[in-house]
Structures are given as structure tokens and as C-alpha cells.
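Worksheet: the structure to be examined is printed underneath.
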Amino acid sequence: MTPAAARVPEIGENTQQLRARLHALWETEPGWKGWLTTVDHKEIGIRYIVTAFILLAIGGIEALVIRLQLAGPDLHLLTPEQYDQFFSTHGMTMIFLYASPVLSGFSNYLWPLLLGSRDMAFPRLNAFSYWVYLAAAIFLYAGFVIGAGPNDGWFNYPPYAERAYNPGFNEDFYALGMIFLGISVTVGAANFIVTALKTRAPGMSINRLPILIWGTLTASVANLIVIPAVSLAFFLLWLDRNFGTSFFRSDYGGQPLLWQHLFWIFGHPWVYAIVLPAMGMVSDALPVFCRRPLVGYSVVALSTVAVMILGFGVWVHHMFATGLPALGLSFFSGASIIITVPSAVTVFAWVATIWLGRPVITTAFLYFASMIVLFVIGGVSGFMTASVPVDWQLTDTYFVVAHLHYVLIGINLFPVVGATYFWFPKMIGKLMDERLGRWNFWTMFVGFNVAFLPMHLTGLLGMPRRIYTYPAGMGWSTLNLITTIGSFVFAFGILLFFINLLKSLRSGPEAGPNPWGAPTLEWSIPSPPPPYNFAVIPTIASRHPLWEDALDESEARSTLDCGMTLDKGRETIATTAIDAEPERILEMPEDTPAPLLLAIGLAVLFTGMLLKLWIVTGIGLVGCTAALLLWMWPRKSLGERAPASEATHG
Amino acid sequence: MSGTPLDYIGHAAGSRAGAILPLTWFTLVVSIVVIVIIAALVLRASLRFRARGGASETVGVPVERGADGLRWITIGLALTAVPLLVTLVWTMAALAQVAGPPLANPGLVLDVTPHQWWWEVQYNGATPDAIFETANEIHIPTGTKVLVRLHGGDVIHSFWVPRLSGKTDAIPGQNNLSWLDADQPGVYRGQCAEYCGWQHAKMAFEVVAEPPAQFAAWRDHQLADAPQPTTPRIAQGQAIIVYRCGLCHAVRGTDAGARTAPDLTHLMSRRMIAAGVLPNTPGALLGWVQHPQGVKPDSLMPDQHLSGAELTAVGAYLETLR
């Protein structure tokens, strides 16, 4: 048999026999064994989303407890120590364990479908990144469950995080857990980058990518650059705490401010990493309900990249009050004000798309359209904090708390819920309940704004963030009560969302392949998609393969039902990075337990480091090595080892 | 003090906060206008040509290429650029105005060291006998630019008096500068603004601005040592204070000379105790001395378990620390 790399792919029709052959090749073995070893991006994507939603619910319950504590002055539901762990764990959960992974989930599920590929570039790495995320989430929560959760906020400033002020295991759990989680994000980012650049359907040149691809690609490049900074910071903190180094301890010559630079040089790009893919989902899905293409595709794509490039130069706006020289601050202030421009491009593109289209008001549309307004509210409050002198008043008050919730809930959660209404039919094959959807939307929208709009005023009236209680007579009591009431309404809205998910999962009406009449490739295949995604690899001639007749922008038409069959094994096609010309056949790996075993090995290793039981660390290391050997052992099926007969020919 | 002592949007009482307030209002108004415009556009756009029917009819609404709409983006950006540029220039101007501390000839120089969870304040003088320490209450003369040198103590804290000055962090290992002034006599509340642990919530202080003559009198009085006991009960109270409280606190003129907790020499001259948490009334004071963990759980001051007689004696002595 000719090795796949050198074979010329056969071209064929999408026939019953072909689909049966591919099904047999790509199907994951049923039962627990298949469940633990699958490398199917759709399975992994859904796991990411479900896990992230569970953590969203947990983080939400923490928020409700916090809101009860703050509902009135001088309440004592929580002790100060408990309150500190609650707000820190809430931040950690929402920012690291919900907001980013849920987008990884959608991207994992959707990317190969959007790109016309049969899987991600590195399916085993994909499985590994999920298992590490799950293990790191359990690791991070283990501390909280035993009363040693993080207690220094999500950005964790030393010296308070140092052992002298924080002697428990709290910060060790957080430091090691974050390094652990960083592995998941790093390998996931590498996978997204290679997938976007190498495994697109022929003809899907870089100017035909859906904006979601631009968003996640940009975020992934950023993550690869900045995750090392934060992993290093947490590692140095762990050394400080356990081995007497003094990177952040001033009494031994270290610099507490070093932490803030290392953290925010990561932290600010991270904020963009957890909104750009969500903005991409809006850019792709909103036009479907406006029945027209997105206004200004090219500028929106470029703005996505521009936001991130500028986003690398604004981290110091988290540190305006740290005593840095005014000249330096003015640079970062200017950059933070200018970053408004590319964001404004996207907002005007969305508004124009609705204005110039024929909007169909579905639940998903409501989420996307309202998200524009929430985005602007979160954006302008960010613009206010970009002005150094103004920020000296605003920073570390509830104004910033309101701002960051508009950013994270407005630009992450609202698009994610909208995207769920939009893509649930593709993932499950059933439509979600629209009637319940309206209730879901309006309770979430009203509850959210009742909770967080007045919070800006609470901040302007001087309430500092991260206080476990406050005295009466500060002018904050009524506002806090309103926020607490709003937060419960909002939480009820999210509960309705989960109820709708479960209800529609059981009894939603059949969706069919393309219930919304949408233009992109994922809607050209059955819902839910078969294990191999595309029976034949499509050839793409435009940005909207399924709208070509309606838009009639050129003579050329995409070919969807005849193309490369690639049915000699698990295979997909590799294409060139810019023009997506076919390059070679890629052999894709079989299901394997190696990613899970490696994640377990790492979990053991990190547990050993936490407890400083070096024998356990050693066992973890041996386990990791064994799993890596199993993973990397050259396989004939992947062309990593030539058959004996051919080896002599070279 | 009005009903919102920490607000920075309604009032500014000094030139530093005063320079920031109009810029804050400008950016706030711009922000509200932008929100209203975009919200109105989204609402109008959604309802203008909306297709009848629900989700299931989406597929029935024909897809059209429509106008390219780029003018929306160009015009939108042109309109956005105006307030952005104004803000940028104003920001730089305001920054130049308020950033630099008046190093050349400040009217008063204070050394402030925040601790978990109180504020140590040192007044400087030309000679050592003009230097003294106090805590949680800063007196300043009106109309005078006051340089505040912020020293890192234990963990990071942030010095903030909303009506007078924005925040400046106090970071271990570095000395930051802030400054403030007050136009009018008054009491201005301050608060730690950087999360610093369990009692971050209850780490407030007050700035008392008074006319220069009154300030000078206050300063002279603060320089004095604590008076000697005049009755046996007061003497007994002093003995308890020196013996027990002197491990952490100082009372100048006695053997209590520790510096890890607030200086008590003129405790009764302060308006509040426990870092802006309780009014300085006899009842609140004795309650605090006996059971601080009830007021500030996990604060570094332990409960005292004094007998009734001891507590009365302590109260009698503290009463003399005016």
C-alpha cells in the first residue's frame, strides 16, 4: 500500500457505501472504554462545554452566597476568612474554569465542522487538553472543599500570598493548580493554531474563514505567548512559599511588584482571549438571523487581531496606583484608550448588519443583539478606567467589579448562551424550546442589569471591592440590596437555561441539517454530525458556501457532495496556510488511553508537589513517562514507521 | 460628614481630587451618551424591518446580499475618535497636573505606613523632639499641600481619601509618594483600597482638615507625653496597660514602647477607634479593648479577658490619654 503521504486522494461521490466505510473507521467504541479513549473533537467539545457549565453553576452559587453576605450592612453569614475564599474561588472559577474552557468547548466542537475537516490537527492532544482541564479543576477545587481554597483574589498579589501571611495550603493549591491548568491551555492553543493553518478544506483561503476561527486563532496565539509568564509567576510563588526563595518577598530583596507585571502581562491578553472567540460566534451567528452577510468582514477580522496586538500593550492599566512613573503610565493610558477603536469597528459592524438586514427575532438573536449593548457598557466603563487620573478613583471599587462583570457576562456568557441556542440543534439534532427561551432571555437580561447597572453607582459612591461587609451610613445599603435581588433573578434565568437544555435534550423537535438556513459548512452535514464529519472533503469557493445561490457574488460554486473520499484509514487533508491548496493526506490517530493516562500521571505529580511527598512526585513522573511512551511509540498507521519491506528502499 | 463619605463623584474637597472630578464626569457623560445611542440603534435596527414569525420561520426569510454597510463603520469611527482624542489630551493634562508630588516645598510631610489593619502616621519635624507618631487619624492644615510618603509595611495596602486624593499603593520594598490638600475644614474618610486580608473591610481612617492655627495647636499637643496617673485606680490602669498592652502598643512617657500596633499616647483625642470602625465613646472603647475579635474577627489584637475591676481601671487610665 502506498503511504498516505504520497498517495493521490481519490475523488468520489457522497454515497451510502462510503459513509458506512467511514463510519466504521471513525466511530468511537461504545461503552466506558470508548468513553475514556475517544479523540473525537465533537465528544471532547461537548465535554468541555458540559464541564464548564457545571463550573458556571458552582461559581454562580458562590456568587449568590457572596451577595447574601452583602445584601445589607454588617451581615455575618460568612466569616471574613470564608468570604475571602468565596470571592477568590468565585473569580478563579468563572475566569479560568468557566469562561475560557467553555469557548474551547465550542471551538473544539465547531472548528473541524467550520473548516471542512474530519478532526482537529492533533486529536490526542485535544483529548489530553480536556483531561488536564478536568484534573486541574478538581485539583483547584480540592483546596476549597477542604477549607483551603485560594484566598487572595484571582490575581493573587504577594506578599499576602506568601507563607508569612498565608500559612495554609490555600495558595499552594492555587499556585500548582494554575500551573497545571496552564498545560491544558497551552496544548489547546497549539492545537488550534495548527488546525486553523493546516486542516482547512481546499479553497477555504484565509479570507474565507469564519470570524470564530479568527477569534480563537488570535486568542490561541496570545495564550501561547502569555501563559508562560503566569505559569512562571505561580512557580516562583510556589518556590517562595516552600523553598525560601524571595522572588516576591521584599524583606529578602525580592519585588512584590514583579508579580503584578508577570500576572497582568498574562492577565490582560487573557481577558481578550476569553471574549474574542465569543465575539467571533456573534459575528458568525448574528448575520444568520439578519439574513445577510456580516458587514465589513475584513475589518472585523483585522480588528480581532488588532485588539489582541494592542492588548499586549495595556497591562499596566491594572497597576496605575502602584507608584510607577507618570510618563510610563501615560503610554499605557493612551494605549488603553486607543484599544477602543478596533472594538468600536466590531460594534458598528454588528449594528449595521442588523440595520441593513431583515432580523428574525429568535432567542439566539436576542442574546446576540443584547450582547452588543452589554459590550458597549462594559467597553465604556473600561474606557473610563483607561484614563489614569480617573482610574486612581475608580480602581479597586465596585465600579471595576461592575465593569468586569459587564465584560465577562456581557461578552462571554450572553454570546455563549446565544451560541448554545444556535448550535444546540447541530450538536444534538434537536431544537431548543423558543418559548422557554424567551423567559430564559428576559429573566437573565433584566436580572443581570438590575444586579450590575446600579453597581457602577455603588462604586462611584466609594465602596471598595473585596470587603466582607460594610457599615451602615455609607450610602451603599440600598444599592447592595438591589444588586442582591437582581443577582437572584439573574441566577433564576440561568436555571431556566439549564432547564431548557435538559427539556430540549429529551423532547426537542427534530432540527434537520440546517434549521436556520445558515451559510457555513457545519450546516451542510446531518445533525448531529456523523463521527467522520464530512463523507467527502468539500471544496470551498466563497465565504458562505450554503448561500452562494442567494448571494450570487460570483460564478464559482463550492462543491459539497463530491470530493476527496479519504477512506483508507482515519484520514483528512492538509492544506497550505494562506490559500488552502491541498498538500498531503494526514493520517489521523486511533482512539487511545494515552492522553488520559498522561493527565492522571500529571495529577499525581502535582499532588506530590503539593504535599512535598517526593516519592509520589516520582511515581507521577514515571507514570507520565510511560504514558508518553505509549503515546509517542511510532505507529505504522500514522506513517511514523515504515513497513519492513519499504525500510530498505529508504 | 454627608451620607456618602467615600463618594468621589459628587464632591471634591481639595485641588487634587478637584482636578480629577470634571474629567471623571466628562468620561461618565460620554459613556452614558454612547450607551444610549448604541442601545437606541440596536433597538431600532432590530425592529425596523424585522421579519414576522418565530425561530422556525428563519429559514423562510430569503437571504440577500444587501448594502455593504462600510459607511457605518467609517462614520462610527469618526464619531468615536472625537471623544477619544479629547479624553486622551485631557487625561495627559490632568495627569501632569496631579501626578507630581510637590517635592520642592510641601507644607507638610507625613510618613504613612499601613499595617494589617491600621494606619501608622508619623509627623516629621526639623528636630527629633518635633517628631511624633499617631494612628488612623491624620490632621492637616487647610490650604496646604501635604506630601504623603507611603512605606510598605507587611502586605500591599492602598492609601485613598476619595474627596481629597485618588489611590496610591503602599508596597513592601518601595516608597511611594502621594499628596493631598483640603480647601475647607472638615473630616474626610479614607479607606484601604487594596485587598490585604481578613480585615481589609475594616481598615479605614480619617483626615481631619483644620485651619492652620488649630492644626498647630493640635500638633503641639500631640508632641506631649502622656500624663502621669493622679489616682490609684488610674495608676492601676496604667500598670495593666504597660504590662499587657505595652507588648504591642506605645504610650509615650511610660514603659510601653512597642510599635507593632497604634500609638495610644493621645488615644482620646481621636474621633474613631479600631481604624475607623467604632466611634471613640467610653463604652465602645472598653468593648473593643475587652473583645476586639467580636468587632474585627481575626484582627491581630487578642481578646483581653480582664476582670470588671481591671477593665474599669483601664478605662479610667485611657480616659486621661487626651
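Values below: every heavy atom of this structure, side chains too, minus hydrogens, waters and symmetry copies.
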**Q.** Approximate separation, where rounding is to 0.5 Å, of A:Phe320 CZ and B:Asp169 CG
**A.** 13.0 Å
Q | Side chain, backbone, both or neither of A:Phe365 within contact of chain B (heavy atoms, under 4.5 Å) | A | side chain
(Q) Counting heavy-atom pairs closer than 4.5 Å to chain B, which one of A:Ala164, A:Pro293, A:Gly437 comes out on top? (A) A:Pro293
Q. With distance as the sole test, does A:Gln393 use its side chain to make a donor-acceptor pair with the main-chain N or O of B:Pro162 at under 3.5 Å?
A. yes
Q. Hey, is the main chain of B:Pro297 close enough, under 3.5 Å, to the side chain of A:Glu81 for a donor-acceptor pair?
A. no
Q | Heavy-atom contact with chain A under 4.5 Å, split by part of B:Leu85 | A | neither
(Q) Under a 3.5 Å cutoff, is there a donor and acceptor pairing between the side chains of B:Gln199 and A:Tyr468? (A) yes
(Q) Is A:Trp350 in contact with chain B via its backbone, its side chain, both, or neither, using a 4.5 Å heavy-atom distance? (A) neither
Q) Which pair of non-hydrogen atoms, one from A:Ala344 and one from B:Leu77, has the smallest distance, and what is that distance? A) CB-CD2, 4.0 Å
Q | Side chain proximity check, B:Leu6 to A:Met463, heavy atoms < 4.5 angstrom | A | no
Q) Which bit of A:Gln82 is near chain B, if near means a heavy-atom gap under 4.5 Å: side chain, backbone, both or neither? A) neither
Q. How long is the span from the NZ atom in B:Lys167 to the OG1 atom in A:Thr395, to the nearest 0.5 Å?
A. 6.0 Å
(Q) With a 4.5 angstrom heavy-atom cut-off, is it the side chain or the backbone of A:Leu394 that approaches chain B, or both, or neither? (A) both
**Q.** A:Pro158 portion near chain B, given a 4.5 angstrom heavy-atom threshold
**A.** backbone
(Q) Counting the benzene-type ring for Trp, do A:Phe87 and B:Tyr195 have ring centres under 6.0 Å apart? (A) yes
Q) For B:Thr74, is it the side chain, the backbone, both, or neither that has a heavy atom closer than 4.5 Å to a heavy atom of chain A? A) neither
(Q) For A:Met384 versus B:Thr24, what's the shortest heavy-atom pair and its separation? (A) CE-O, 3.9 Å
Q: Answer with side chain, backbone, both or neither: which region of B:Asn175 has an atom nearer than 4.5 Å to a non-hydrogen atom of chain A?
A: neither
Q.
Are the side chains of B:Val42 and A:Val351 in contact, using a 4.5 Å heavy-atom criterion?
A. yes
Q: Tell me, for A:Gln255 versus chain B, whether the close heavy atoms (under 4.5 Å) come from the side chain, the backbone, both or neither.
A: side chain
**Q.** Heavy-atom pair count under 4.5 Å with chain A, highest-scoring of B:Ala67, B:Ala96, B:Gly173, B:Ser165
**A.** B:Ala67
Q: Could you tell me which portion of B:Asp68 (side chain, backbone, both or neither) has an atom closer than 4.5 angstrom to a non-hydrogen atom of chain A?
A: backbone
(Q) Looking only at heavy atoms and a cut-off of under 4.5 Å, which of B:Ala19, B:Gly69, B:Ala81 has the most pairs with chain A? (A) B:Gly69
Q | Contacting moiety of B:Ile171, where chain A heavy atoms sit under 4.5 Å | A | side chain
Q.
Could you walk me through whether B:Val59 and A:Asn514 satisfy the side chain to side chain contact (heavy atoms under 4.5 Å, CB included) test, starting with their C-alpha distance in whole Å, then the side-chain angles of each, then the deciding distance to 0.1 Å, before giving a yes or no?
A. CA-CA 8 Å; B:Val59 72; A:Asn514 192 0; 6.0 Å; no
Q: Please flag which part of A:Tyr160 lies under 4.5 Å from any non-hydrogen atom of chain B: side chain, backbone, both or neither.
A: both
Q | Best-contacting candidate, A:Ala550, A:Ser330, A:Ser333, A:Gly379, against chain B by heavy atom pairs under 4.5 angstrom | A | A:Ser330
Q | Residue part contacting chain A, namely of B:Trp198, when any heavy atom lies under 4.5 Å | A | both
Q. For B:Val30 and A:Val380, what are the C-alpha separation, side-chain angles and deciding distance, and is it a side chain to side chain contact (heavy atoms under 4.5 Å, CB included)?
A. CA-CA 8 Å; B:Val30 165; A:Val380 291; over 6 Å; no
(Q) Heavy-atom cut-off 4.5 Å, strictly under: side chain, backbone, both or neither for B:Thr80 against chain A? (A) side chain
Q | Pairwise distance CG(B:Leu84) to CD1(A:Ile338) - rounded to 0.5 angstrom | A | 6.0 Å
Q: Mark yes when over 12 heavy atoms from residues, nucleotides or ligands other than B:Arg71 sit less than 6.0 Å from its CZ; otherwise mark no.
A: no
**Q.** Contact check, side chains of B:Val155 and A:Tyr157, non-hydrogen atoms, under 4.5 Å
**A.** no
Q) Would you say the side chain of A:Pro159 lies within less than 4.5 Å of the side chain of B:Asp154, judging by non-hydrogen atoms? A) no
Q: Would you mind checking which part of A:Arg249 comes under 4.5 Å of any heavy atom in chain B, side chain (CB onward), backbone (N, CA, C, O), both or neither?
A: neither
Q. With only heavy atoms counted, which part of B:Asn176 is less than 4.5 Å from chain A, the side chain, the backbone, both or neither?
A. side chain
Q) Out of curiosity, A:Phe383 CZ to B:Thr87 OG1, how far, rounded to the nearest 0.5 Å? A) 3.5 Å
Q: Heavy-atom distances under 4.5 Å only: say whether B:Gln97 touches chain A with side chain, backbone, both or neither.
A: neither
Q. Which heavy-atom pair separates B:Leu47 from A:Ile361 by the least distance, and what is that distance?
A. CD2-CD1, 4.2 Å
Q: Output the option from A:Gly475, A:Pro325, A:Gly517, A:Pro80 having the highest count of non-hydrogen pairs under 4.5 Å with chain B.
A: A:Pro80
Q. What part of A:Phe399 lies closer than 4.5 angstrom to a heavy atom of chain B: side chain, backbone, both or neither?
A. side chain
Q | Spacing of CG belonging to A:Leu329 relative to CE belonging to B:Met92, to within rounding of 0.5 Å | A | 9.5 Å
**Q.** Closest contact, heavy atoms only, A:Phe155 versus B:Glu194
**A.** CE1-OE2, 4.5 Å
Q | Verdict with supporting geometry, B:Asp7 and A:Leu460, side chain to side chain contact (heavy atoms under 4.5 Å, CB included) | A | CA-CA 6 Å; B:Asp7 98 82; A:Leu460 293 170; over 6 Å; no
Q.
For the interface with chain B, which of A:His456, A:Arg466, A:Met474 has the highest count of heavy-atom pairs at distances below 4.5 Å?
A. A:Met474
Q: Among the options A:Asn166, A:Leu327, A:Ile377, pick out the one with the most heavy-atom pairs lying under 4.5 Å from chain B.
A: A:Ile377
Q: Name the region of A:Thr79, side chain, backbone, both or neither, that has any atom closer than 4.5 Å to a heavy atom of chain B.
A: neither
Q) When rounded to the nearest 0.5 angstrom, what distance separates CD in B:Gln191 from CD1 in A:Ile467? A) 6.5 Å
**Q.** B:Arg65 NZ/CZ over A:Trp547 ring centroid, <6.0 Å and within 45° of normal
**A.** no
**Q.** Verdict with reasoning, B:Leu95 to A:Trp392, per side chain to side chain contact (heavy atoms under 4.5 Å, CB included)
**A.** CA-CA 10 Å; B:Leu95 190 58; A:Trp392 281 340; 3.7 Å; yes
(Q) Looking at chain B, which one of A:Asp84, A:Asp74, A:Val373 has the largest number of heavy-atom pairs inside 4.5 Å, strictly under? (A) A:Asp84
**Q.** Min side-chain heavy-atom separation A:Val347-B:Trp72 under 4.5 Å
**A.** no
Q | Heavy-atom pair count under 4.5 Å with chain A, highest-scoring of B:Met203, B:Lys296, B:Gln116 | A | B:Gln116
Q) B:Ile75 versus A:Phe348: any side-chain heavy-atom pair under 4.5 Å? A) no
Q: Would you name the heavy atoms of B:Thr91 and A:Ser387 that are closest together and state the gap between them?
A: OG1-OG, 2.7 Å
Q: Please report the shortest heavy-atom distance between A:Arg291 and B:Val61, naming the atom on each side.
A: NE-O, 2.8 Å
